[in-house]
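Below: the structure, in structure tokens.
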Amino acid sequence: MIDTYTRMLETVAELADAPAADSAVHKLILHLRSAGRLRMLPQIVRELRKIAARKHALRPRVEVAHEKEATSALAAAAARGIEAPRALVNPALISGWRAQKAGILVDRSTKRALVDIYQNIIA
Amino acid sequence: MQSIIERIEKEIAAWTPQEGAEEVGVVRAAGDGIAEIDGLSKAVLSEMVLFDPTFDRPLTEALKDPTPLYGLVLNLEEDSVRAVILGDASKVYEGMLVRRLGRLLSIPVGESLVGRVVNPLGEPVDGKGATGARVVRPIEREAYGVIDRAPVNAPLHTGIKAVDAMIPIGRGQRELVIGDRGTGKTSIAIDAILNQKNEPALTRPVCIYVAIGQKESKTAKIVAELSERGAMDYTIVVTASASASAALQFLAPFAGATIGEYFMEQGKDALVVYDDLSKQAVAYRQMSLLLRRPPGREAYPGDIFYLHSRLLERAAKLSKEKGGGSLTALPIIETQEGDVSAYIPTNVISITDGQIYLEADLFNKGQRPAINVGISVSRVGSAAQTKAMKKVSGKIKLELAQFRELEAFMQFSSDLDAETKKRINAGRRMTNVLNQPRGVPLPFEMQAAVIFAAANGYLDSFPPHEMSAIETKLQEYLTREAGGLLTAIRDSKEISEETETALRAALAAFISRHAEVA
């Protein structure tokens with residue numbers, strides 16, 4: 001039941017505008033109250049938070065070592081189906097870029113290359 | 001130094017960036033050795049994943065702890081997967097990247113594992129360096145089917161008179177060793193391993209002792225004993241101690257079976273001891289509850305029977321076409337207050353091909369091994385028993401059962417007729433002959449000769465309480481004076497008419513000589 005309500009709110013949040021979503025939440029609360037199931041509300045909120053955290057973790061993301069690599073990195077990532085609005089600068093990459101989306105990772109950074117070589121040597 | 005530089009240069013030259021994309025997930029929550037992972041939508045059950053601490057750390061920090069940390073996917077859920085962490089769970093944190101490895105949990109196997117002590121992941125824990133095993137096998141696999149199997153027809157001698165005579169075990173059989181704590185279950189298994197030294201090197205089984213949830217000190221003691229007696233030359237020890245994670249304790253028997261299967265597939269015989277499956281069941285229950293699987297009877301998950309049946313079904317005697325190898329399993333189960341009708345004992349009893357039931361009362365009376373012959377049984381072993389052993393041990397089980405009844409009756413009556421007294425004395429004598437201290441397994445030809453003597457009345461002139469001393473003298477006598485006879489029994493595996501005549505003569509000579517000395 002909790003799962004169904006959560007999915008419904010998630011769908012409304014994705015498809016409808018803000019007032020419509022507010023209205024859906026309001027109607028859900030009224031429904032839960034009339035059905036005597038208002039105690040479900042905290043659990044529904046918890047599930048929605050989980051979904052939001054998952055979406056945040058799996059959002060499209062492109063990282064580059066230097067600002068100057070951003071354009072080419074965004075293009076290369078887009079060619080592999082990962083489209084992000086902008087590239088984040090992460091100096092830990094040393095050079096190159098990496099992109100992530102919904103559980104897919106493309107890593108073309110020097111850091112990854114060095115870690116791979118190091119692990120191959122010590123294995 | 002030059003070689004190190006060359007090695008590094010070679011690795012750099014050989015390195016090429018991964019062309020494709022890889023599948024990754026992110027740890028949403030971790031605790032109690034379980035990680036909940038978002039992503040990994042294409043992960044499969046029992047797949048290995050790698051927790052990658054290098055992803056979100058600067059290079060210098062990332063290389064500080066290069067030990068890979070693996071996980072095993074055990075729950076596939078709608079939006080996430082749950083995996084057990086195979087290692088230090090405290091290193092897994094929220095937001096950590098997890099990579100799919102695209103292979104089922106596998107361990108290295110091979111001849112080079114012989115003599116080594118490894119953990120359930122095949123990593124050495126004996127401080128002797130890398131094992132050098134190169135062949136990698138998944139630890140979960142389907143057991144061989146009916147067509148690939150052959151009937152169990154070769155004996156696996158344990159060196160324990162009571163077992164080899166009354167509850168014989170065949171190569172490829174699954175024989176449960178069950179009993180309360182401290183009744184000698186492990187001793188039977190260790191004696192069986194030690195006894196394989198008496199087998200010809202060509203047909204000697206490779207032994208795998210799997211210690212599950214045991215104290216490290218107990219495992220160390222067993223390894224020391226096996227090394228001291230030269231048994232580590234053909235033995236591998238897999239250990240997941242009491243302090244190891246529940247996941248490793250759950251995996252240990254499967255790792256043992258995988259190692260055993262490797263030897264079986266080479267056409268060799270292997271013996272694997274699971275010590276003990278009660279602790280594995282408890283570890284699996286812990287994991288299942290943490291994975292939020294619904295609990296069933298005694299809070300065990302619904303698939304606890306399948307856990308043990310799929311493990312024990314891997315014991316097999318392969319057909320000639322498949323190389324003719326075998327994997328014999330000796331699972332051990334600990335009972336509480338002798339209750340064999342508890343959940344896990346009944347499950348494993350129904351899966352195995354028989355059981356050796358050890359009783360605390362018999363143990364306390366001084367009987368070693370404390371086997372209750374009444375409810376111990378081997379369902380397929382008699383087909384594998386040698387003709388020699390069959391000949392000498394034919395009626396022992398029945399006679400001992402009758403003796404137990406009479407013994408119980410005797411408690412209420414002190415006035416017994418001569419025939420009953422004779423039977424009781426014979427029973428006591430036979431019980432004492434079958435008594436055997438731990439760590440002294442006997443070659444089967446010696447067992448056959450001793451039991452022949454007891455069953456054919458050669459020892460009737462001695463009081464039952466002297467049996468142990470007489471038996472020792474008889475063994476010494478036979479080794480010294482009738483070595484050829486023992487060799488004949490060992491080679492032919494039977495007691496022919498000719499051998500029987502010679503054996504009777506030797507026994508008569510021993511009796512007369514002993515009477516003279518007395």
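Everything numeric here is computed off the predicted structure, so don't read it as measured data. Computed over heavy atoms, backbone and side chain alike; hydrogens, waters and symmetry mates excluded. Throughout, a chain's letter reflects where its sequence line sits, starting with A, and its residues are numbered from 1.
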Item checked: Which atoms of A:A57 approach chain B - backbone, side chain, both or neither, heavy atom under 4.5 Å -> both
Checklist line | B:S241 and B:T239: CA distance, side-chain angles, deciding distance, side-chain hydrogen bond (donor to acceptor under 3.5 Å, both in side chains) verdict | finding: CA-CA 6 Å; B:S241 69; B:T239 175; 5.4 Å; no
Notebook entry, point to check: Between B:D79, B:T54, B:V26, which shows the greatest number of heavy-atom pairs under 4.5 Å with chain A?
Noted result: B:D79
Check: If you tally heavy-atom pairs under 4.5 Å against chain B, which of A:L105, A:T110, A:I104 wins?
Finding: A:L105
Note to self: Looking at B:S106 and B:L104, would you say the former's side chain and the latter's main chain have a donor-acceptor pair under 3.5 Å?
What the structure shows: yes
Margin query: Taking every non-hydrogen pair under 4.5 Å, which of A:R98, A:Q100, A:K50, A:E63 racks up the most with chain B?
Written below: A:R98
Note to self: Tell me which of these, B:L97, B:V98, B:L59, B:T60, has more heavy-atom pairs under 4.5 Å with chain A than the rest.
What the structure shows: B:L59
Check: Hey, are B:R137 and B:E261 close enough for a salt bridge, meaning a charged N less than 4.0 Å from a carboxylate O?
Finding: no
Item checked: A:S109 side chain to A:G96 backbone, donor-acceptor under 3.5 Å -> no
Item checked: Portion of A:I82 that has a non-hydrogen atom of chain B nearer than 4.5 angstrom -> neither
Check: When the ring planes of A:H31 and A:Y5 are compared, do they come out parallel, tilted or perpendicular, using 30° and 60° as the limits?
Finding: perpendicular
Next item on the list: Under the side chain to side chain contact (heavy atoms under 4.5 Å, CB included) rule, what do B:L251 and B:L72 come out as? Steps first, then yes or no, please.
Entry: CA-CA 10 Å; B:L251 289 172; B:L72 177 67; 3.9 Å; yes
Check: What part of B:E61 gets closer than 4.5 Å to chain A, counting heavy atoms only: side chain, backbone, both or neither?
Finding: neither
Notebook entry, point to check: Side chain, backbone, both or neither: which part of A:N90 has a heavy atom under 4.5 Å from chain B?
Noted result: neither
Next item on the list: May I ask you to check whether over 12 heavy atoms, not counting those of B:Y306, lie within 6.0 Å of atom OH?
Entry: no
Notebook entry, point to check: Is it the backbone or the side chain of B:R100 that comes under 4.5 Å from a heavy atom of chain A, or both, or neither?
Noted result: neither
Notebook entry, point to check: B:S41 versus chain A, heavy atoms under 4.5 Å apart: side chain, backbone, both or neither?
Noted result: neither
